[in-house]
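Everything on this sheet refers to the single structure shown next.
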Amino acid sequence: MSHDHADKFAFATRCIHAGQRPDPATKAITTPVYMTSTYVQDAPGEYVERYDYSRAANPTRSALEANLASLEGGRHGLAFASGVASIDAVIHLCKAGDRVLLSDDVYGGTFRLFKRVYEPMGIHITRVDMTDHDATRQALTDDVRLVWLETPTNPTLKIIDIAAIAEMVKKTEAVLAVDNTFATPALQLPLSLGADIISHSTTKYLGGHADLVGGALITDDDELLERLRFIQLSVGAVCGPMDAFLVLRSTKTLHLRMQRHCENAMRIAEHLDAHKKIEKVIYPGLKSHPQHEIAKKQMSGFGGIITCYVKGTIDDARRFVSDTKLFSLAESLGGVESLIEHPGIMTHASIPDAERAALGINDQLVRLSVGIEDVADQIADLDQALA
Ligand code: P1T
């Protein structure tokens, strides 16, 4: 099946087939890893499609880009060397003097890129709690050219109503970019809700096996594609062919993995919610989550990430994350294996103390990336560590 015909099919079928076809040279069913830097030209400037040099295009990367575009319901994909490289490409749509409106709770590295790399270069940054629509509307001043949000947010799992924000942004000159890393297209389709660009850290669920670092952008807009493709070619942080192959291999099972991540996370969230050593659990699937109704509306599942506040002090939280055995103490998320971490010390350390405190990223906060192991084993591990 060529990707030209893939969009007639349901999500699970597209996971496996979109963007891929038997290799034209041999009919190999699996897209080969094209380890090549360049392509032979018949005459100067005469080459196949866009294949003149591998920074511009590589067939393995092209297959991944088409696959991800199809899964997100967009027409165009671009694969990058990391999630932050894909964010960096979007920021390049702005120039000095422009303003970016950023959701207040984002991955620490995203905050660092906007605040510490681009703000000193003259791009203004406003951060706002996008669950507060009045505040967001007020923050959408005339100079805003890019609105960037994550939902669910990292790490406090706020759910932002993408359609509501898109409606506000449509009335302005800004572009709306949604980081869909936590939900993935298996659970949430931001383009269908009005986003202009989707960003991914493919390091996470799309890669799914903790064996690569990568990123991607998806858009349905031809003009945005041309601008982003030019930035990708010029800046050069492209996804290499081996990493593209690994992500492509992983998206074949994305629908199944996400289903299990969601099932296990729901069980664990309920279990921790009733645990005497846990102060509070944040999981979009719990009725107690402040935006549970929005999550039900815009997501088809609640994801594999749980955050919780451990009772006691930072030492109790440290002991919890250090004493799990099945849940490995590590940054990152979205792999088949369960991970646990302390955002304040680890993934969100680059956010200033006062801002972290205001967001609720405190000493007691622990983040779980619930893997697809047996849920009884996962629960037993968390219980023994809490005991
Ligand atoms: O690590 P990289 O592939 O560059 O992706 C950055 C990134 C972008 N967006 C979101 C929502 C992310 O969570 C990340 C990376 N996050 C972690 C490493 C983490 O442990 O939260």
Other residues, nucleotides, ligands: >12 heavy atoms within 6.0 Å of Lys252 NZ: yes
Close side-chain approach of Leu246 to Thr202, heavy-atom, < 4.5 Å: no
Side chains of Pro290 and Thr131 in contact at under 4.5 Å (non-hydrogen atoms): no
Contact check, side chains of Val213 and Asp243, non-hydrogen atoms, under 4.5 Å: no
Arg257-Thr253 side chain donor-acceptor pair, cut-off 3.5 Å: yes
Neighbour count >12 (heavy atoms, 6.0 Å) for atom CD, Gln41: yes
Any side-chain heavy-atom pair of Phe11 and Leu254 under 4.5 Å: yes
Closest approach of Cys262 to Leu187 (non-hydrogen atoms, all atoms of both residues): SG-CD1, 3.7 Å
Main-chain N/O of Pro284 paired with His292 side-chain donor or acceptor, under 3.5 Å: yes
Path from Tyr205 to Ile159 over hydrophobic side-chain contacts below 4.5 Å: no
Heavy-atom neighbours of Glu223 CD exceed 12 at 6.0 Å: no
Minimum side-chain heavy-atom gap Leu272-Leu368 below 4.5 Å: yes
Pair Asp316 + Lys277: basic N to acidic O under 4.0 Å: no
N/O donor-acceptor pair under 3.5 Å between Ser70 side chain and Ala66 backbone: no
salt_bridge(Lys296, Glu293) N-O dist < 4.0 Å: yes
Close side-chain approach of Gln298 to Pro190, heavy-atom, < 4.5 Å: no
More than 12 heavy atoms from other groups under 6.0 Å of CG on Asp142: no
Centroid separation Tyr39 to Tyr47 less than 6.0 Å: no
Any side-chain heavy-atom pair of Arg75 and Leu225 under 4.5 Å: no
Side-chain donor or acceptor of Thr307 paired with backbone N/O of Thr156 under 3.5 Å: no
Test item: side-chain donor near acceptor, Tyr34 and Asp23, under 3.5 Å: yes
Heavy-atom side-chain proximity of Ser199 to Trp148 below 4.5 angstrom: yes
Modelled atom types, side-chain donor and acceptor of Tyr283 and Ser288, under 3.5 Å: no
Ser103 to Ile160 - nearest heavy-atom pair and separation: CB-CD1, 3.8 Å
